[in-house]
Participant: 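The structure that follows is given in the form of structure tokens.
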Amino acid sequence: FCNRLRHVESMSLQPSGAGRISHLNAVILGEPLESEENDLVFPSQEFSSQALVSSPEQYRNMYEKSIEDPAGFWSEIASQFYWKEKWNPEVYTENIDVRKGTVKFEWFKGGRTNISYNALDRNIEAGNGGKVAIYWEGNDLGDDGRLTYAELLEKVCQLANYLKHVGVRKGDAVIIYLPMLTELPIAMLACARIGAVHSVVFAGFSSESLSQRIIDCKPKAVITCNAVRRGSKPIHLKEIVDSALRESVKNGVTVDLCLTFENKSAMRREDTKWQDGRDVWWQDVVPLFPTKCDVEWVDAEDPLFLLYTSGSTGKPKGVLHTTGGYMVYTATTFKYAFDYKPSDVYWCTADCGWITGHSYVTYGPLLNSATIVVFEGFILLIQCEQFIQAPNYPDAGRCWNIVDKYKVTIFYTAPTLVRSLMREGDAYVTRYQRKSLRVLGSVGEPINPSAWRWFYNVVGDSRCPISDTWWQTETGGFMITPLPGAWPQKPGSATFPFFGVQPVIVDEKGNEIEGECSGYLCIKNSWPGAFRTLYGDHERYETTYFKPFAGYYFTGDGCSRDKDGYIWLTGRVDDVINVSGHRIGTAEVESALVSHPQCAEAAVVGVDHEIKGQGIYAFVTLVEGVPYSEELRKSLISVVRNQIGAFAAPDKIHWAPGLPKTRSGKIMRRILRKIASRQLNELGDTSTLADPSVVEQLISLGDC
Ligand code: WTA
């Protein structure tokens, strides 16, 4: 890898247009090879000269050190944080090779620290108490607020004290089901302060999904709010929680406390359904508690949070992150990938219900004592019709209005948002100044070069580098990402690995392949931010991630590397689809569909979607004798909404009297994918099917 980088380095930084490489051979997403997307895009001299990492050479030195001496590299960085006690002499231990025994990563074991202390008290002691920690922007224009670091600490302490008072202890789980109010990061930091393990459930998940998570992690408390307003319509979050808690009780899990924030702009408390004894208003209790709260010092390897994510089976996986390594890794990746400066105002549009909101709304930025913007909108759910399109409210210029209002310097979002705003036209962007912007970021799915160009040229006025950060819930933080001042970018490529990360591309047999190639993306070593297990199921952890290619962590993504060594992600290679940057397991959608009494079988595949990246396409076989109708189509979609959440609703239901199966009964998804994307000339060999005639039948029913 370092050799390949030398090549890039030799192309010293030049103004845009120069140093052009033609005929790149690894262009993803079907873009034509000869197109202008193949250009290199250089950071300006001015940007690079002030950047934390300002040249390929500087990166290479740091990267080499991080690979040759991970202990030295990471312990030097970790020392900048506060540790009540230092870690064991060995900075890390790892076994990534399942053939050699249990897979296990440990970083800074024996060290005692607290991430909430490091994100708040440490920054305040360094003189940042009066600095704005959070600018909060509500959906309605003019509805906003701010908290300094000192104020944020006080609020975190009050909630932490309350949680302790009601018996939440170190190691207990707490479920947080809140929209993007400041109470959401406050609740995360309060749990971390007392060593409780938070599990944030995205407030777009249905009550069934929520109860599944409650049953799995058996929380001591659930923290929610009564309602959230989308346009004029309130969504009654508390009622969703009520029904999830009823379902949990039926499964033997009783939660004694439902702490409910009264979100006055959405619903009055008098109108909220209430269960005395279990339900408590946040505003009635939390402000009564002291604004100082001693922290619980925890081991670096004590759990920090659980976050459920989709996999290739129907059951969501509880990804478990621990404290010390995650803290060091999220802070460091944030700092370098966005070239963070203390004067920055940073806005990440993700919701804290997803990993991006954990690592790069809450922990990474606050650990750097950054000023962040939290926007109430469910911004990544823009395509779910039943939500008001938050970033387009009151119009498609809202994002840039917020950028100008808070003088945002770093703007981090998802390609789906870029594509949807691009469709609205440039005028919504150009009517705002956007002068403060310095660095842009992208996450969640591959960004197609035309969206990259629009983001770069129109939003960033051709002067702001884009950090296209590739990572996953499991990785905790960025793995492959540009360092914005260090090297030229190629639109659509996540470029090179972050410090300490050794990505490899393997073939079907698990052999590493070199040079210009395509294959499966794996990681060769542990890194501080890696997840440590799947909650309660270490065996599934090993089977899913470490057995497919023994000796490596398998990411589930395909990728290619071009002749310059740039890495291009090409999307999931497993049964996971990526809809507007959200991971959805096809099996989860299938199991929701077949729970419909009239659905006998379902097979779900992803199809290209102009805005969402991928859309959900479901083939359904009905129970014998049931006719397919528009009404049934709607009720199939609503069953998915109710069981998972609106963001998982299929875009298309395709009635399938029969599904293409092998003689052993296995559904041939390859053929279904081709039918769904109308690539009918590429169906391939259908002769091994038990009944080849189903293919013709499916094609003829395609427009039902
Ligand atoms: C995809 C989100 C291409 C990828 C942080 C990965 C990306 C999955 C990128 C993880 C990117 C994320 N370019 N693909 N910059 N970022 N992905 O766990 O398929 O919600 O495996 O974490 O999103 O999704 P997750």
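Atoms within a ligand are numbered from 1 in the order they appear, just like the ligands themselves. From a predicted model like this one, the values you see are computed outputs, not experimental measurements.
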Participant: Under a 4.0 Å heavy-atom limit, does Ile355 contact ligand 1 with its side chain, its backbone, both, or neither?
Facilitator: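 Contact part for Ile355 vs ligand 1: side chain (C-beta onward).
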Participant: Quick check on contacts: which atoms of ligand 1 are under 4.0 angstrom from a heavy atom of Asn578?
Facilitator: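 Listed by number with element, the hits are 1 (C), 23 (O).
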Participant: With a cutoff of 4.0 Å, is Gly444 in contact with ligand 1, counting heavy atoms of the residue only?
Facilitator: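 Flag set, Gly444 near ligand 1.
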Participant: Has Gln679 got more than 12 heavy atoms of other residues, nucleotides or ligands less than 6.0 Å from its CD?
Facilitator: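 Yes, because the 6.0 Å sphere around CD of Gln679 holds more than 12 heavy atoms from other groups.
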Participant: Could you check atom 6 (C) of ligand 1 against the protein and tell me its nearest heavy-atom contact, residue, atom and distance included?
Facilitator: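 Result for atom 6 (C) of ligand 1: Asp557 OD2, 3.1 Å.
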Participant: Relative to the heavy atoms of Thr473, which atoms of ligand 1 are at a distance of less than 4.0 Å?
Facilitator: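 Counting atoms of ligand 1 from 1, those under 4.0 Å from Thr473 are 18 (O), 20 (O), 22 (O), 25 (P).
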Participant: Using a 4.0 Å heavy-atom cut-off, say whether Gln472 meets ligand 1 through its side chain, its backbone, both or neither.
Facilitator: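 For Gln472, the contact with ligand 1 is made by both the backbone and the side chain.
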Participant: For atom 3 (C) of ligand 1, what's the nearest protein heavy-atom neighbour? Residue, atom name and distance, please.
Facilitator: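 Residue, atom and distance for the closest contact: Pro446 N, 3.1 Å.
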Participant: Does the ring centre of Trp400 sit less than 6.0 Å away from the ring centre of Phe411?
Facilitator: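 They qualify: ring centres under 6.0 Å apart.
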Participant: Check Leu521, Thr481, Ile567, Val443 against Trp470 for a side chain to side chain contact (heavy atoms under 4.5 Å, CB included) and give me the one that passes.
Facilitator: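 It is Leu521; the other options fail the test.
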Participant: Report the C-alpha separation of Lys509 and Asp507 in whole Å, then their side-chain angles, then the decisive distance to 0.1 Å, and conclude whether the salt bridge (charged side-chain N to carboxylate O under 4.0 Å, His left out) test is met.
Facilitator: CA-CA 5 Å; Lys509 296 199 179 98; Asp507 63 17; over 6 Å; no
Participant: Would you compute the distance between atom NZ of Lys317 and atom CG of Leu307 and round it to the nearest 0.5 angstrom?
Facilitator: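 Reported value, rounded in 0.5 Å steps: 11.5 Å.
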Participant: Only heavy atoms of Arg583, strictly under 4.0 Å: list the atoms of ligand 1 that pass.
Facilitator: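 Near Arg583, meaning under 4.0 Å from one of its heavy atoms, ligand 1 has 10 (C), 18 (O), 20 (O), 24 (O), 25 (P).
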Participant: Run the side-chain contact (heavy atoms from CB on, under 4.5 Å) check on Val573 and Asp557 step by step: do they pass?
Facilitator: CA-CA 5 Å; Val573 293; Asp557 277 322; over 6 Å; no
Participant: Is Ser442 close to ligand 1, meaning an N/O of one under 3.5 Å from an N/O of the other?
Facilitator: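 No, no N or O pair falls under 3.5 Å.
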Participant: Can you tell me how far apart CZ (Phe549) and OG1 (Thr555) are? Round to the nearest 0.5 Å.
Facilitator: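 Here the rounded value is 9.0 Å.
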Participant: Checking the N or O distance criterion of under 3.5 Å, is ligand 1 in contact with Asp468?
Facilitator: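 Yes, Asp468 has an N/O under 3.5 Å of an N/O on ligand 1.
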Participant: List every atom of ligand 1 that sits less than 4.0 Å from any heavy atom of Leu569, numbering the atoms from 1 in the order shown and giving each element.
Facilitator: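 With Leu569 as reference, the close atoms of ligand 1 come out as 3 (C).
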Participant: Would you call Trp471 a ligand 1 contact, heavy-atom distance under 4.0 Å?
Facilitator: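 It does; at least one heavy atom falls under 4.0 Å.
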Participant: Tell me the contacting part of Thr469 for ligand 1: side chain, backbone, both, or neither, using a 4.0 Å heavy-atom threshold, strictly below.
Facilitator: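 The answer is the backbone of Thr469.
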Participant: Could Arg213 and Phe205 be counted as a cation-pi pair, given that NZ or CZ must be under 6.0 Å from the ring centre and within 45° of the axis?
Facilitator: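 Flagged: Arg213 positioned over aromatic ring of Phe205.
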Participant: Looking at the rings of Tyr346 and Phe334, which for Trp means the six-membered one, are their centres under 6.0 Å apart?
Facilitator: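 Close enough - the centres of the two rings lie under 6.0 Å apart.
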